[in-house]
Amino acid sequence: MSPLLFGAGLVVLNLVTSARSQKTELSGFGDQPLFHGADRYDFAIMIPPGGMECFWQFARQTGYFYFSYEIQRTLGMARNRRVAATAHTPQGFLIDTSQDVRGQINFSTKETGFYQLCLKNQQNHFGTVQVYLNFGVFYEEPELDHKQNERKQLNDTLDAIEESTRKVQNNIFHIWRYYNFARMRKRADFFLLQSNYNYVKWWSTAQSVVIVLSGILQLYFLKRLFNVPTTTDTKKPRC
C-alpha cells in the first residue's frame with residue numbers, strides 16, 4: 001500500500017503545483033503587474049464582409065476613455081459605408097453603440113480592467129471596408145506611486161508650476177486628438193478622390209471605345225448602301 005500512497009501523494013502535489021503556477025501567470029510574476037500596453041493607439045484595419053474585429057484597452061478607474069473611427073474606403077461590392085461600433089466594460093456590459101460612417105464613443109471609466117471595443121461590418125456581405133481607429137484613455141491627475149505621494153512636499157511655487165504643466169499636457173493631448181481627426185478626414189478624402197478619378201478614367205475610356213466602334217459601324221453600313229454591283233451580259237440587275 002505504501003507505493004500506492006506515495007503515487008497518490010505525487011499526483012496531489014502536481015495538481016497543487018499546476019494550480020499555483022496558473023494563478024501566478026494570471027497575477028503576474030511576483031509583485032510585477034500585468035502588461036497592459038500603451039494608453040492610446042491609432043491605426044487602420046481591414047474588416048472582411050460580414051466580419052467583426054475586437055480590441056481590448058486597459059484603463060484604470062477615474063479615467064476618461066475615448067474611441068473614434070472613420071471609414072476610409074470600401075472594396076468589392078460594398079454599398080453601405082457604415083459599420084457598427086460597440087464598447088463594453090471589463091465585466092462584459094454594453095456601454096454605448098455607434099453605427100455610422102464616422103463616430104465617437106466617449107465615457108468615464110468606473111472600474112479598472114480591460115475595456116472591449118468591437119467593429120462589425122454586418123451591412124456588407126460582399127464588400128470589405130477599411131476603418132481608421134483612434135482610441136485610448138487619459139487621466140486628469142498624473143500617475144504617481146503611493147510612496148512618492150507620501151514623500152512629496154512641495155511649496156506654493158512648485159504647486160503652481162505643476163498645475164501649469166498639467167494644463168499644458170492636457171492641452172497638448174487634445175491638440176493631438178484633433179490632429180488625428182484631421183488625419184482621418186484627410187485620408188478618407190484622399191481615397192474618395194482616388195476612387196472618383198478611377199471611375200471617371202475608366203468610364204471615359206469605355207465611352208470613347210463605344211464612340212469609336214459606333215463610328216466604324218456607321219461608316220461600314222453607309223458604305224454598303226452606296227455599293228453598286230458590277231453588270232455583265234450574263235449578270236444584269238433585275239427590274
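The basis for the numbers below is simple: all heavy atoms, side chains too, and nothing from hydrogens, waters or symmetry mates.
Between Thr109 and Tyr115 the shortest side-chain heavy-atom distance falls below 4.5 Å. Two residues are said to be in side-chain contact when any heavy atoms from C-beta on lie closer than 4.5 Å; Thr128 and Pro49 meet this criterion. Side-chain contact between Tyr139 and Arg60 is present, with at least one heavy-atom pair separated by less than 4.5 Å. In this structure the side chain of Leu75 reaches within 4.5 angstrom of the side chain of Met46, judged on heavy atoms. Residues Arg81 and Thr74 form a side-chain contact, since some pair of their non-hydrogen atoms from C-beta on lies under 4.5 Å apart. With a 4.5 Å cut-off on side-chain heavy atoms, Tyr64 and Ser108 count as touching.
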(request) With ring-ring contact (aromatic ring centres under 6.0 Å, His included) as the test, would you mind laying out the steps for Phe107 and Tyr66 before giving the verdict? (result) CA-CA 7 Å; Phe107 56 90; Tyr66 64 92; 10.0 Å; no
(message) side chain to side chain contact (heavy atoms under 4.5 Å, CB included) for Phe67 and Asp96? Distances and angles first, verdict last.
(response) CA-CA 11 Å; Phe67 172 43; Asp96 197 1; over 6 Å; no
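Grouping the Ile, Leu, Val, Met, Phe, Trp and Tyr side chains by contacts below 4.5 angstrom, directly or via other members, places Val83 with Tyr41.
Separating the NE2 atom in His88 from the SG atom in Cys54 is a distance of 8.0 Å, to the nearest 0.5 Å. To the nearest 0.5 Å, atom CD of residue Gln91 and atom CD of residue Glu111 are 5.0 Å apart. From Glu53, atom CD reaches atom SG of Cys118 across 9.5 Å, with rounding to the nearest 0.5 Å. Going from atom OG1 of Thr97 over to atom CD1 of Ile105 covers 6.5 Å, rounded to the nearest 0.5 Å. Going from atom CG of Leu119 over to atom CD1 of Ile45 covers 5.5 Å, rounded to the nearest 0.5 Å. For the atom pair CG (Leu219) and CZ (Arg224), the distance works out to 13.0 Å, reported to the nearest 0.5 Å.
Sorted pairs that involve residues 174-210 and meet disulfide bond (SG atoms under 2.5 Å apart), not counting sequence neighbours, are lacking altogether.
The neighbour count for Lys201 NZ, taken as heavy atoms of other residues, nucleotides or ligands under 6.0 Å away, is above 12.
Contact between Ala87 and Leu117 at its shortest, heavy atoms only, is CB-CD2, 3.8 Å. Across all non-hydrogen atoms, the minimal contact from Ser98 to Gly103 is OG-CA, 4.0 Å. In this structure, Asp100 and Ile71 approach most closely via the heavy-atom pair O-CD1, 4.5 Å. Between Pro48 and Asn121 the shortest heavy-atom distance is O-ND2, 3.2 Å. Here the closest non-hydrogen pair linking Gln57 and Phe65 is CG-CE1, 3.5 Å.
The aromatic rings of Phe135 and Phe43 sit perpendicular, their planes meeting at an angle over 60°, well past the 30° parallel limit.
Remark: side-chain polar atoms of Ser68 are paired, donor with acceptor, to backbone N or O of Asn134 under 3.5 angstrom.
In this structure, a donor-acceptor pair under 3.5 Å is present between the side chains of Gln130 and Gln72. A donor and an acceptor atom, one from each side chain of Asp42 and Tyr132, are located under 3.5 Å apart. Side chains of Arg82 and Gln99: no donor on one and acceptor on the other come within 3.5 Å.
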